[in-house]
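Here's the structure, in structure tokens; my notes come after.
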2 protein chains.
Amino acid sequence: MSKAERIRIYDVARVAGVSVATASKALNDTGRMTEETRKRVKQTAAALGFRPNAMARALTQQRSFTIGLLTNDTYGRFTLPVMAGVSEALVDQGVSVFLCGIEDDAALAKLHLDAMLDKQVDGIIATGKRIDRRLPVDLSHLSVPVVYAFTEGPDDAVTLVSDDGQGAREATQWLANIGRRTLVHVTGPESFASVSARAGAFRAVAGQGAQVLHGSWSEAWGHEAIAKLWNGDAPRPDGIFCGNDQIARGVVDALRERGVDVPGDVSVIGFDNWEIVAAATRPPLTTVDMNLKEIGREAGRLILELAEGKPVEPGIRKLPCKLVLRQSCGGDAIAARNQGEALQES
Amino acid sequence: MSKAERIRIYDVARVAGVSVATASKALNDTGRMTEETRKRVKQTAAALGFRPNAMARALTQQRSFTIGLLTNDTYGRFTLPVMAGVSEALVDQGVSVFLCGIEDDAALAKLHLDAMLDKQVDGIIATGKRIDRRLPVDLSHLSVPVVYAFTEGPDDAVTLVSDDGQGAREATQWLANIGRRTLVHVTGPESFASVSARAGAFRAVAGQGAQVLHGSWSEAWGHEAIAKLWNGDAPRPDGIFCGNDQIARGVVDALRERGVDVPGDVSVIGFDNWEIVAAATRPPLTTVDMNLKEIGREAGRLILELAEGKPVEPGIRKLPCKLVLRQSCGGDAIAARNQGEALQES
DNA sequence: CAATATTGAGAAAAGGGTTTTCCATTGAGG
DNA sequence: CCTCAATGGAAAACCCTTTTCTCAATATTG
């Protein structure tokens, strides 16, 4: 595939019968020359398999064509989709991505950060497992631009997050649309910003009196919540919106064990669209996808613009979530009708 | 943290009152000078926060202090632990890692590979989601060293894999040790190399007549397998070793739904130690951990040696798996005794 | 005491291949 | 014949660290 001796622009120039200066200009579409010369050089370069040495290029341009992705999400559930998006947005531009997992270790973070800065990265994307938790390292006075994706940065930073409110609103609205009347939101710890954003949106649609249960982000909590709801005196819900897919899976399993039919008797919606959980649930979960890959793509685009010196308006950009329909919700007829309407509207 | 203007070795030299040559030698512990001078330079460098420019350094040394990690494991279940290990082994040496997810797209793979080669990576680690599946790109004639981790490479390559046979042997032996007599292996498609390795080891311990059921890598297959085993005429097993944690979870769920007690009536062991599945199963899964992080660390160490020009014996290195005890297996008393013996032996 | 060896430190070049600047040549038109 | 535009080339710039080579100063030896 690649050969031991790399082709240099010098070789291209020699074979094409021009100087390296002309070759360079031809390949970069700069300078002036006959179209014929430019074409010939390009063809020669392609024929020889010439690829400019990025390191040498970095000398004259002020760019290394390299960016760093810093994350504290060890398990990678959130980071990987973001990373995939970033990568996708940048690989065409010849930009490569350093991935640094720093957990919550400040010393480790500094080690990675320094290593990246030493390598003259053109920019850094910070990402995490939780929108409202900062990374254990200060990125605010670096000499390179920083974009925060799915993690909190300083107020004057460029930040990308999912629109939790909108996602929760759509999910709740969906439950209402398919005829569910008694809605409950089973979610994670109150201390999470995304939890209150989602709960707020849920209440805005389901009514301020609608019940919200807080617990851990686990399947176990889903089981427990169903026990509470079914053993208590309050009217039992026929629509349950969960704070994440793990809780939703716990909820669905618990309902099945009680002989409650999902989606016949109760509709359940999750959050995250964590494929491995959502698809394995019986029935598979209808859930809210945060479009993390799109967040990654956007982060990639933005860091690129910043690296090129273009101005980017600071502030928080919310990207919309998307409801992914599977079988835990039912109401297919109504769903179909609504989708039809939606199509006509657009 | 970092300042707009980077400190160069020139600044260190000026402040310390020496030449750049002396400064360089002092900081790299080369050359000759009084210990006092060396110390003074080092202190000055530390005080100024000097960090050598890796790119400039790469010019004189033949190394970029950068390696590439190529993976086709989009979901990252296998890649992330490997990546964590690689990173851990290399960050102290100031080596950063480009992560490239290439799915199974040859064109994308080439794009990423070229981008990395353009950036003069010191080496490449190839990793995947399946030991016996090659990446869709040929890495065999590159000008940089390559280490294969958890994916198949050419025969003369340096390859690291988990010891599936040993892992399966330990798991099966464990079931036997705690008194289980009728053992079954419920695993993935026969076409996987790891499946036959594990099945072979299972049979070696459980007896050549022991049943092995092949299916998909899913929870659904776990349910289905239990249905087959319990509805059939053959004697029902009291010990089930599963090919991965998802199957094991399906098995455990199916048994619970049939009123079979795990681990009271039947012991179940999984494979992968995929935390999110193993810990959420009720009861939590005893399972085989492939030590992927250690594979990553070893891959990092090896690629470093190769990058430094040291010779590394080619061939396949098998790293041992480790049985992780949770509650799906039972036999705690026996387990405790056996562990005691193991301790005495060692 | 002279001759040689050793030590400490600096000046300058190398290291890399691309890009960019500026200049030279050619041919056409006035 | 002179000027100008168009094309392409020679050489410097780019960046900062490392390394080599040299030299002066001091120590050691005969």
Side-chain angles (χ1 to χ4, degrees), chain A residues 3 5-42 44-45 48-66 94 117-122 143-144 308, chain B residues 5-42 44-45 48-66 94 114-115 117-122 143-144:
Chain A
K3 34 258 118 193
E5 296 294 322
R6 271 189 84 96
I7 304 290
R8 294 166 319 191
I9 199 171
Y10 175 86
D11 302 309
V12 175
R14 184 168 40 75
V15 174
V18 296
S19 69
V20 288
T22 304
S24 172
K25 282 180 285 197
L27 295 174
N28 292 295
D29 283 326
T30 57
R32 285 183 316 196
M33 69 197 65
T34 52
E35 206 42 51
E36 189 275 331
T37 305
R38 196 180 293 280
K39 193 172 157 194
R40 177 160 44 92
V41 173
K42 283 186 175 179
T44 307
L48 294 179
F50 167 73
R51 295 190 53 88
N53 180 316
M55 198 152 257
R57 197 172 213 174
L59 285 179
T60 55
Q61 323 227 34
Q62 314 289 21
R63 302 179 48 195
S64 64
F65 294 92
T66 281
L117 292 174
D118 292 349
K119 293 185 181 85
Q120 314 291 111
V121 290
D122 296 332
S143 50
V144 298
E308 287 166 356
Chain B
E5 296 294 321
R6 271 188 86 96
I7 304 291
R8 293 166 320 191
I9 200 172
Y10 175 85
D11 302 309
V12 175
R14 184 168 39 74
V15 174
V18 296
S19 69
V20 288
T22 305
S24 173
K25 282 179 286 197
L27 295 173
N28 292 296
D29 284 325
T30 58
R32 285 179 316 194
M33 69 197 65
T34 52
E35 206 42 52
E36 189 275 331
T37 305
R38 195 180 293 279
K39 195 173 157 194
R40 178 159 45 91
V41 173
K42 282 186 175 178
T44 307
L48 293 179
F50 167 74
R51 294 192 55 87
N53 180 317
M55 200 151 253
R57 196 172 215 177
L59 284 178
T60 55
Q61 323 221 42
Q62 311 291 21
R63 302 179 49 195
S64 63
F65 293 91
T66 281
D114 282 344
L117 293 174
D118 292 347
K119 291 183 181 88
Q120 313 291 111
V121 290
D122 296 332
S143 49
V144 297

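Owing to the predicted nature of the structure, the values given are computational and were not obtained by experimental measurement. Atoms considered below: every heavy atom in the structure, side chains included; atoms not considered: hydrogens, waters and symmetry mates. Proteins get letters first, then strands, A, B, ... in listed order; numbering begins at 1 in each.
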A:Lys42: which of A:Val12, A:Asp29, A:Thr37 passes side-chain contact (heavy atoms from CB on, under 4.5 Å): A:Asp29

Against the side chain of A:Phe50, the closest entry in C:dG8, D:dT7, C:dT18 is C:dT18

Is there a side-chain contact between A:Asn28 and the phosphate of C:dT19, meaning an N or O under 4.0 Å from OP1 or OP2? yes

Rounded to whole Å, how long is the line connecting atom CG of B:Asn53 with atom P of D:dC15? 11 Å

Is A:Thr37 near enough to D:dT7 that one of its side-chain N or O atoms lies under 4.0 angstrom from OP1 or OP2? no

Length of the NZ-P vector between A:Lys119 and D:dT17, whole Å: 15 Å

With a 3.5 Å distance limit and no angle check, can you tell me whether B:Arg51 reaches the backbone of B:Arg6 through a side-chain donor-acceptor pair? no

Checking contacts here: which listed nucleotide (D:dA11, C:dT18, C:dG16) is nearest the side-chain heavy atoms of A:Ala21? D:dA11

Distance, rounded to the nearest Å, where B:Leu27 contributes CG and D:dT17 contributes C1': 11 Å

Calculate the interatomic distance between B:Met33 atom CE and C:dG10 atom P; express it in whole Å. 9 Å

Could you give the CG-to-C1' distance, from A:Leu59 to C:dG17, as a whole number of Å? 8 Å

Does A:Ser19 place a side-chain N or O at less than 4.0 Å from the phosphate oxygens OP1/OP2 of D:dA10? no

Ignoring hydrogens and angles, are the base of C:dG10 and the side chain of B:Lys25 linked by a donor-acceptor pair under 3.5 Å? yes

Toward the 5' end of DNA chain C, by each residue's nearest nucleotide, A:Thr22 or B:Glu36: B:Glu36

Compare every heavy atom of B:Ser64 with every heavy atom of B:Asp122, then report the nearest pair and how far apart it is. OD1-N, 2.8 Å

Measuring to OP1 and OP2 of D:dC16, would you say a side-chain N or O of B:Arg8 lies under 4.0 angstrom away? yes

How close do B:Lys119 and A:Ala54 get, heavy atom to heavy atom, and via which atoms? CG-CB, 3.7 Å

Give the rounded distance in Å between these two atoms: CZ of A:Arg6 and C1' of C:dT18. 12 Å

Give A:Met55 one of three labels, base, sugar-phosphate or nothing, depending on what nucleic acid heavy atoms sit under 4.0 Å from its own. nothing

Examine distances only and state if a side-chain atom of A:Ser24 and a backbone atom of A:Val20 form a donor-acceptor pair shorter than 3.5 Å. no

Using atom types as modelled and distance alone, determine if a side-chain donor or acceptor of A:Arg63 lies under 3.5 Å from a backbone N or O of A:Glu308. no

Side chain of A:Thr60 (C-beta onward), nearest among C:dC22, C:dA14, D:dC14: D:dC14

Looking only at D:dG9, D:dT18, C:dG16, the nucleotide nearest the B:Ser24 side chain is D:dT18

A:Asp118 CG to D:dC16 C1': how many Å, rounded? 13 Å

Phosphate oxygens OP1/OP2 of C:dA9: is one of them under 4.0 Å from a side-chain N or O of B:Thr34? yes

With heavy atoms under 4.0 Å as the rule, sort A:Arg57 into base, sugar-phosphate or nothing. sugar-phosphate

Spacing of B:Arg32 atom CZ relative to C:dA9 atom P, expressed in whole Å: 11 Å

